[in-house]
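Take a look at the structure below.
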Amino acid sequence: MEKERTLVLVKPDGVVRNLIGKIITRFEDAGLKIIGMKMVWVNENFAKKHYREDIATKHGEKVRNDLIKYIGEGPVVAMVLEGVDAIKVTRKIVGSTYPNDAQPGTIRGDFAHISKDYANSKELSVKNLIHASGNEEDAKIEVPLWFNKDEMHSYKTVHDMVCFGEFK
Ligand code: ADP
Ligand code: MG
């Protein structure tokens, strides 16, 4: 079984709420390895590559257009996390899409509480602090969209040595 890589973004609301450190800590604490990290302020063209047409199929064209604005409202912190079952484990730590539904202990459950209905009644994006690739297919598109090969690094953590038996 190979380790996986997944893309995580601290969205503009997470950055301006000074939550970058607290959010990153959740992943570090679980032993996920940050193999790439940077702050980026994306333009509309790039945002459209990140939030692709399938978002409009899932949520409608308005939600996609609002998301493209939301992700470009300010800088984001982008990172690639690596670990065993990293895509699912990261989503578990992030919590459900709508913060009012997200479990306590998850990032969205602990740091936000807006609902889909409230956001939609006020024509707002659901500000939920963080993006994480939804599945293997998304991760395969999103990791290379945000990071070149030379922006990702290979190194051993104590977690690798203690938990995964990688002593070399
Ligand atoms: P997730 O981020 O949990 O993978 P999706 O990929 O389905 O969720 O949606 C992408 C983002 O779109 C969500 O994180 C949220 O910010 C926003 N969003 C989802 N549904 C709605 C909605 N009904 N109204 C406004 N914004 C939404
Ligand atoms: Mg998604």
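Residues: numbered from 1 along the sequence shown. Since the model is a prediction, treat every value here as computed from it, not as a measurement.
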[atom1] of [X] to [atom2] of [Y]: how many Å apart, nearest 0.5 Å?
| X | Y | atom1 | atom2 | value |
| --- | --- | --- | --- | --- |
| Ile24 | Met37 | CD1 | CE | 4.5 Å |
| Trp41 | Phe46 | CH2 | CZ | 15.5 Å |
| Leu129 | Ile107 | CG | CD1 | 8.0 Å |
| Lys33 | Leu81 | NZ | CG | 11.5 Å |
| Thr25 | Lys22 | OG1 | NZ | 9.5 Å |
| Lys88 | Glu136 | NZ | CD | 8.5 Å |

So do the side chains of [X] and [Y] get within less than 4.5 Å of each other, counting heavy atoms only?
| X | Y | answer |
| --- | --- | --- |
| Val8 | Leu32 | no |
| Val77 | Met39 | yes |
| Leu19 | Val10 | no |
| Leu9 | Trp146 | yes |
| Met161 | Lys156 | yes |
| Ile35 | Phe147 | no |
| Asn128 | Ile114 | no |
| Ile34 | Phe27 | no |

Could you list the residues that satisfy salt bridge (Lys or Arg N to Asp or Glu O under 4.0 Å) with Glu28, not counting sequence neighbours?
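Salt bridge (Lys or Arg N to Asp or Glu O under 4.0 Å) list for Glu28, sorted by chain: empty.
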Suppose we screen for salt bridge (Lys or Arg N to Asp or Glu O under 4.0 Å). Which residues come up paired with Glu151, at least two apart in sequence or across chains?
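Lys38.
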Connected via hydrophobic side-chain network under 4.5 Å: [X] and [Y]:
| X | Y | answer |
| --- | --- | --- |
| Phe111 | Ile93 | yes |
| Val80 | Val40 | yes |
| Leu145 | Ile55 | yes |

Indicate the atoms forming the closest heavy-atom contact of [X] with [Y], along with that distance.
| X | Y | answer |
| --- | --- | --- |
| Ser133 | Ile87 | O-CG2, 3.7 Å |
| Pro12 | Gly74 | CG-O, 3.5 Å |
| Ala102 | Gly109 | CB-N, 3.4 Å |
| Asp160 | Lys3 | OD1-NZ, 3.4 Å |
| Val15 | Pro75 | CG2-O, 3.3 Å |

Who clusters with Val158? Use side-chain heavy atoms, under 4.5 angstrom, across I, L, V, M, F, W and Y, and order the result by chain and number.
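Same cluster as Val158: Val162.
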Of Val42, Leu7, Leu67, Ile68, which is the lone residue that meets side chain to side chain contact (heavy atoms under 4.5 Å, CB included) with His50?
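Going through the options one by one, the only one that passes is Leu7.
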Side chain to side chain donor-acceptor pair (under 3.5 Å) contacts in which one or both residues fall within residues 52-79, not counting sequence neighbours
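For residues 52-79, and leaving out neighbouring residues, the side chain to side chain donor-acceptor pair (under 3.5 Å) pairs sorted by first residue read Asp13-Tyr70, Arg52-Asp138, Glu53-Arg64, Lys62-Asp66, Glu73-Lys127.
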Side chain to side chain donor-acceptor pair (under 3.5 Å) pairs, two or more places apart, involving residues 93-120
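Applying side chain to side chain donor-acceptor pair (under 3.5 Å) to every pair that reaches into residues 93-120, excluding sequence neighbours, yields Arg26-Asp110.
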Glu82: what forms a side chain to side chain donor-acceptor pair (under 3.5 Å) with it, not counting sequence neighbours?
Arg5
Answer yes or no: is there a donor N or O on one side and an acceptor on the other, between the side chain of Asn148 and the main chain of Asp150, under 3.5 Å?
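No; judged by distance alone, with no hydrogens or angles, the pair does not exist.
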Pair Asp85 + Lys92, salt bridge at N-O below 4.0 Å
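Between Lys92 and Asp85 there is no salt bridge, as every charged N stays at least 4.0 Å from the carboxylate O atoms.
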